[in-house]
Structure formats: C-alpha cells, structure tokens
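The structure appears below as structure tokens.
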Amino acid sequence: MLSYRHAFHAGNHADVLKHCVLVQVLDHYTRKDKPFWYIDTHAGAGLYALDSGYAAQNAEFRDGIGRLWRRDDLPPAVARYVKLVHDLNQDGTLRRYPGSPALALPLLREDDRMRLCELHPGDHKLLLQTMQGNGRRVKIEAADGYAGLRALLPPAPRRAVVLIDPPYEQKQDYARVVDALKDSLQRFATGTYLLWYPLLPRPEPRLLQDRLARLAPESWLHATLSVQAPSGEGFGMHGSGLYVVNPPWTLPAALETVLPFLARVLGKDAGAAHTLAHRIP
C-alpha cells in the first residue's frame, strides 16, 4: 500500500519506548572491540521536522519526547536517549526528532556498519539525504524490509543488532514479522533482534504476542508500555510492545526503572501501565 508515513507519529510514546531500548542495546554492543552491523528493516526517512509538515499536524511528539524534554529526574537510560535527541536540537528547542537510523548513527564506531531498507519512494529519498556523507559505513536499499533482511543475514562480522519495525498498515504484517524473526534466527541465531508492534483494541496484536511466545528462543525479553486505556470504539494505538531476542544481560534491570517512569510520565489516564518479562540464561 505504501501510504504510511512515520512522520505523523515521530517522537510519540511508541518511539520513546523503542528508542530507549535501542540505545541501551547499541551501547552494550559497543563495549566489545569487535565491529557489528546495525540493520533496520523499515528505516523511514531517518530524521523528522516536528515544527512543520506531517509531524506538526497531530503533534504526537508533545505527549512523547515532549513530556521528557525539560525534566531533570530522568532515569539514566531515559536521560541517555533524551541527550541524543538534544544533540540534534542544540539551541534547546525541540524541532527535530531522529528516526532509528539517525539515533543509531552517532553510537556506531568507525568499523561498525549500518544497513537500511526503506521501500516508500518518498521516505527512501529523504533517507538518502539524511544519511549522506557516511560513505561505506551506511548502505541504503530501496527494498522490502523482509526480503532485505534475508539477504543481509548472516552479517560479515557475525555480530548484529536488527530492528524489525514495520508500519502494520496491512494485517499480514502481524504474521510476517514473526515469520521474518523465525527465519532470521535460523540464518543467524546469535544476533540481537528488536521487534516492535503496536497495542491496539484488535485481535491481531494479541495473536502476534501468542506467536512470539511460541518461538521460545533461549534468551528473550518482552516489554510493553500503555499510555491510556484501550478505546471503547476499537480505534487508536494505546501503547506498544518490544520483543527482544538475545537481549543484553543489563537490559532487564534498566527497564525495571524505565518502564514505570514512562508509564507515569507519559500516561494519559488510569489505563497507563507496563509489563516486563524475560528469560536470560
């Protein structure tokens, strides 16, 4: 369909959860001297203006990154993420928000590599502009993210962080993401995979959660963040979830602080909540 544009939602509560976790994972990977790849299956435009265009229409960022912007009581993992956003807004005014590629880029070292897939022609063009000047470090394909992921695994350095973050504009995506994760683990079992999904008052997210549970990898973490009660009309995203395979051993302790903080600060009503489950041998 290719009608989805992430710019409408840039910096919202779902981005806050996803990007807090992504930063923690990438920071952990850089602790070892060995290089790694960052792979993003649905990279979007890479960087988003918040004071004009799509993002300004619904201004979802105001109830996401906007609620964290000037706070001085952020948990360390949240403060680390917010600082990276501040680095793109050096005058202190929140005008730009990094998509996952722009957030990840300053965390990568000279020998690390970034591999990005984006099929939407408009976002692909913007992504090329956002990531230009990085030479061989960043490779961008105008490709279906699922097919692109199969082609990239296993990565040359045998270390990788993979973000699977489709728009879920088609119901088939709920099944395709799990199939993609299962196939990826067969090709490259030791990578760290982050699979994001929306929480909606519909059956598809619940079925996705059931399918993820049946994957039963040796090491996993599952976190959700809801900012409000589900709509009685059956519309709208009230939260989101992240399923991480082979998470850093440090991630559960960080999220035990981060999740209740985000539920409290980003929550809109009494339905704000979080969950955290994990198995890390």
Side-chain angles (χ1 to χ4, degrees), residues 1-23 26 38 40-71 74 78 80-107 114 116-132 138 140 145 163-169 173 194-200 225-228 236-242 258 262 265-268:
M1 292 173 62
L2 296 182
S3 59
Y4 176 88
R5 305 298 293 272
H6 186 71
F8 284 108
H9 314 289
N12 70 356
H13 59 85
D15 269 358
V16 170
L17 173 64
K18 173 174 59 181
H19 288 155
C20 273
V21 174
L22 178 61
V23 169
L26 292 174
Y38 169 68
D40 196 325
T41 63
H42 298 77
L47 186 65
Y48 303 95
L50 299 179
D51 55 357
S52 62
Y54 295 130
Q57 292 186 28
N58 296 329
E60 293 185 18
F61 68 91
R62 291 177 182 166
D63 288 327
I65 183 64
R67 294 197 181 189
L68 306 174
W69 190 242
R70 299 193 183 280
R71 296 187 70 101
L74 302 176
V78 181
R80 170 71 167 139
Y81 147 70
V82 172
K83 183 185 182 302
L84 291 169
V85 184
H86 268 284
D87 290 344
L88 289 170
N89 298 273
Q90 301 250 335
D91 65 355
T93 301
L94 181 58
R95 293 192 179 94
R96 300 198 298 170
Y97 187 81
S100 303
L103 191 76
L105 184 62
L107 304 181
M114 183 177 290
L116 310 174
C117 297
E118 179 50 53
L119 191 58
H120 191 289
D123 279 352
H124 178 259
K125 181 179 179 180
L126 292 171
L127 184 62
L128 288 171
Q129 295 172 1
T130 298
M131 307 305 290
Q132 65 182 344
V138 178
I140 302 171
L163 177 62
I164 307 174
D165 178 26
Y168 296 95
E169 63 176 339
D173 277 336
L194 292 79
L195 188 155
W196 177 90
Y197 65 92
L199 292 176
L200 306 163
L225 174 68
S226 298
V227 297
Q228 62 192 73
M237 181 174 66
H238 60 271
S240 64
L242 266 178
V258 167
L262 293 180
V265 173
L266 305 186
K268 296 181 179 181

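When side chains are defined from C-beta on, Ser240 does not count as touching Lys18, because their heavy atoms never get closer than 4.5 Å. In this structure, Val227 and Asp63 have side chains that are not in contact, with every pair of non-hydrogen atoms separated by 4.5 Å or more. Side-chain contact check for Leu200 versus Met237: some heavy-atom pair is nearer than 4.5 Å. Using a 4.5 Å heavy-atom cutoff, the side chains of Leu199 and Ser226 are in contact. Looking only at side-chain heavy atoms (C-beta outward), Arg80 and Leu107 come within less than 4.5 Å of each other.
Here the OG1-CG distance, from Thr93 to Leu50, works out to 11.5 Å after rounding to the nearest 0.5 Å. Note that CG of Leu127 and CD of Gln132 are 11.0 Å apart. Values are rounded to the nearest 0.5 Å. Atom CG in Leu163 sits 4.5 Å away from atom CG in Asp40 (nearest 0.5 Å). For the atom pair OH (Tyr97) and NE2 (His9), the distance works out to 13.5 Å, reported to the nearest 0.5 Å. Here the straight-line distance linking atom CD1 of Ile65 with atom OH of Tyr81 works out to 3.5 Å at 0.5 Å rounding.
Judged purely by atom type and a 3.5 angstrom limit, Thr130 uses its side chain to pair as donor or acceptor with the backbone of Ala45. Distance alone, capped at 3.5 Å, places no donor-acceptor pair between the His42 side chain and the Leu119 backbone. Judged by distance alone, with hydrogens and angles left aside, the side-chain atoms of Trp69 form a donor-acceptor pair with the main-chain N or O of Gly92 at under 3.5 Å. With hydrogens and angles disregarded, no donor-acceptor distance shorter than 3.5 Å links the side chain of Arg67 to the backbone of Leu262. At distances below 3.5 Å, at least one donor-acceptor pair connects side-chain atoms of Glu118 with backbone N or O atoms of Gly44.
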Next item on the list: Please assess Val85 against Leu68 for the test side chain to side chain contact (heavy atoms under 4.5 Å, CB included), listing each intermediate value before the final yes or no.
Entry: CA-CA 11 Å; Val85 184; Leu68 306 174; over 6 Å; no
Next item on the list: Would you check, one step at a time, whether the test side chain to side chain contact (heavy atoms under 4.5 Å, CB included) holds for Tyr38 with Leu22?
Entry: CA-CA 10 Å; Tyr38 169 68; Leu22 178 61; 3.8 Å; yes
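When all heavy atoms of Ala14 and Trp196 are compared, the closest pair comes out as CB-CZ2, 3.7 Å. Taking all atoms of both residues into account, the shortest heavy-atom contact from Glu169 to Asp173 is N-OD2, 3.8 Å. Across all non-hydrogen atoms, the minimal contact from Gly11 to Val16 is O-CG2, 4.2 Å. The minimum heavy-atom distance linking Pro198 with Tyr168 is given by the pair CD-CD1, 3.5 Å. In terms of heavy atoms, His19 sits closest to Pro98 at CE1-O, 3.6 Å. The shortest non-hydrogen separation linking Ala102 to Gly46 is CB-O, 3.0 Å.
Considering only residues two or more places apart in sequence or on other chains, Leu128 meets the side chain to side chain contact (heavy atoms under 4.5 Å, CB included) condition with His124, Ile140. Applying the side chain to side chain contact (heavy atoms under 4.5 Å, CB included) rule to Arg96 yields the partners Leu47, Leu88, Asn89; only residues at least two apart in sequence or on another chain are considered.
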